[in-house]
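Down below is the structure, laid out as structure tokens.
Numbered from 1 within each chain, the chains take letters A, B, ... in sequence-line order.
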Amino acid sequence: MRVLILPTPRHFNFWRTIYSHGWCSLPPFRVEKEHIRLRRLLTLPGGHVVAAIIRENEKGSLSIILPADKTIGKKDCDAIRASIRTCLRFDEEYSEFYTEARRHKEYRWIPKAGAGRLLRAPTVFEDVVKMICTTNCSWALTEIMVGNLCTKLGVQVNESLFTFPIPEAIAEKNESFLRKEIRSGYRAPYLLELSRRVAKGDVHLESWRSSSLPTEELFEEVRSVKGIGPYAAGNILKLLGRYDYLGIDSWCRKKFFEIHKNGRTSSDKVIERFYEPFGKWRGLFFWLDVTKHWYDKKFPF
DNA sequence: GCGTCCAGGTCTACC
DNA sequence: GGTAGACCTGGACGC
């Protein structure tokens with residue numbers, strides 16, 4: 001066993017970040033509730049796969065626990081640290097967001113709780129594929145699709161651990177396989193087209209995280225991927241660190257009207273007007289608003 | 001066990 | 001620009 005220590009930024013809350021949305025329950029993430037830790041499979045630049053366990057220490061740091069493996073060198077350790085920092089959003093600046101939250105009595109809980117960081121995958125490709133798998137279906141079906149992608153197209157590490165597939169692994173399959181084996185239904189051609197474009201180098205999803213494009217233009221670029229509409233694009237932008245879009249889905253819509261309108265439903269324009277004053281942070285205020293109740297429990301799901 | 005209906009976002013064709 | 005219908009699956013429900 002080998003342990004890397006990773007210092008955490010100010011206002012960082014480990015469990016709120018892990019449970020910021022549903023990604024922690026989709027492989028290759030896995031919450032190990034009995035040990036109060038997160039497991040994540042990481043594919044290193046040389047192709048080597050490592051099962052990392054991330055645990056919170058008592059004060060201001062995390063432990064990344066790796067298997068005893070002499071082939072994991074210093075460069076690999078740096079890559080592992082970088083991956084975890086990326087997933088947990090260590091390099092993003094939230095002080096402006098917290099200042100905005102403190103201005104509103106009903107949102108002062110946010111900086112106190114250290115909420116706001118949304119868990120993401122090491123790669124944009126994984127985030128985008130997973131987001132397509134959340135569209136127009138139940139969460140149970142999303143879990144089935146992502147589970148199948150990993151077990152049938154990922155790299156097997158042990159009996160129950162599989163990596164998320166690389167674009168090439170999906171690209172070399174056909175639509176019928178994705179429909180029948182992955183159970184992705186009509187999303188199959190979307191996943192196939194995206195994977196083939198990424199594998200061929202026609203589209204560079206990873207550059208979205210450092211894009212200098214104005215958010216509206218980046219939104220349109222994300223929307224240009226087949227299968228990604230306003231909901232999916234809005235939520236992908238949140239994982240890219242841009243919170244200007246709400247990314248409303250049926251669950252959030254229902255929750256908003258329960259919280260703010262006594263359950264009386266209305267149009268999405270009402271929701272958009274409600275969060276307009278929060279400017280470029282409105283998507284994050286919206287998400288934290290509708291999920292605030294999750295944190296009444298240590299393990300919300 | 002089987003058939004029917006519904007919910008869930010996005011795309012395409014049409015107005 | 002707005003709208004209707006198709007896409008596909010799992011789950012709920014009735015028989």
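- Computed from C1' positions of five pairs at each end, the angle between the two local axes of the helix from B/dG1-C/dC15 to B/dC15-C/dG1 equals 30°, rounded to 10 degrees.
- Side-chain contact of A/Tyr98 with A/Glu96: a donor-acceptor pair under 3.5 Å is absent, judged by distance alone.
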Which atoms of nucleotides 1-5 of chain C (N or O only) lie under 3.5 Å from a protein N or O atom, and what are those distances?
none

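- Between A/Phe301 and A/Tyr19, a ring centre-to-centre spacing shorter than 6.0 Å is recorded.
- In this structure, A/Ile248 places its CD1 atom 15 Å from C1' of B/dG8, rounding to the nearest Å.
- One interatomic measurement links the two molecules: CD of A/Glu220 to C1' of B/dT10, which rounds to 15 Å at whole-angstrom precision.
- We find that CD of A/Glu143 is positioned 17 Å from P of B/dG8, with the value rounded to whole Å.
- The distance between atom CE of A/Met145 and atom P of B/dG8, rounded to the nearest whole Å, is 15 Å.
- Under a 4.0 Å N-O distance rule, the pair A/Asp127/A/Arg209 qualifies as a salt bridge.
- Cation-pi contact between A/Arg16 and A/Tyr295: present, with separation from the ring centre below 6.0 Å and deviation from the ring axis of at most 45°.
- Cation-pi geometry between A/Arg40 and A/Phe29 is met: the NZ or CZ atom falls under 6.0 Å from the ring centre, inside 45° of the normal.
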Dump the pairs, protein N or O against N or O of nucleotides 6-10 of chain C, anything under 3.5 Å, distances to one decimal.
from   : atom 1 : to       : atom 2 : distance (Å)
C/dC8  : OP1    : A/Arg179 : NH1    : 2.3
C/dC8  : OP1    : A/Arg179 : NH2    : 3.1
C/dG10 : OP2    : A/Arg183 : NH2    : 3.2

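- Counting any heavy atom pair closer than 4.0 Å across all strands shown, A/Ala188 reaches no nucleic acid atom.
- Residue contacts for A/Arg223: at a heavy-atom cut-off of 4.0 Å it reaches the sugar-phosphate backbone alone, with no base atom in range.
- Atom P of nucleotide B/dG8 and atom CG of A/Asn235 are separated by 16 Å, given to the nearest angstrom.
- Within the 4.0 Å cut-off from OP1 or OP2 of B/dG8, not a single side-chain nitrogen or oxygen of A/Thr135 is found.
- The shortest distance between side-chain heavy atoms of A/Ile84 and A/Phe90 does not fall below 4.5 Å.
- In this structure, CG of A/Leu191 is placed 17 Å from P of B/dG9, rounded to the nearest angstrom.
- The structure places CG of A/Leu62 at 6.0 Å from OG1 of A/Thr8, a figure rounded to the nearest 0.5 Å.
- Using cut-offs of 30° and 60° for the angle between ring planes, the A/Tyr275 and A/Phe278 rings count as tilted.
- Salt-bridge annotation for A/Asp78 and A/Arg81: present, with a side-chain N of the basic residue lying under 4.0 Å from a carboxylate O of the acidic one.
- Annotation: cation-pi pair A/Lys297/A/Phe299 absent, no NZ/CZ under 6.0 Å from the ring centroid and within 45° of its normal.
- Using a cutoff of 4.0 Å between basic side-chain nitrogens and carboxylate oxygens, A/Glu272 and A/Arg282 are not scored as salt-bridged.
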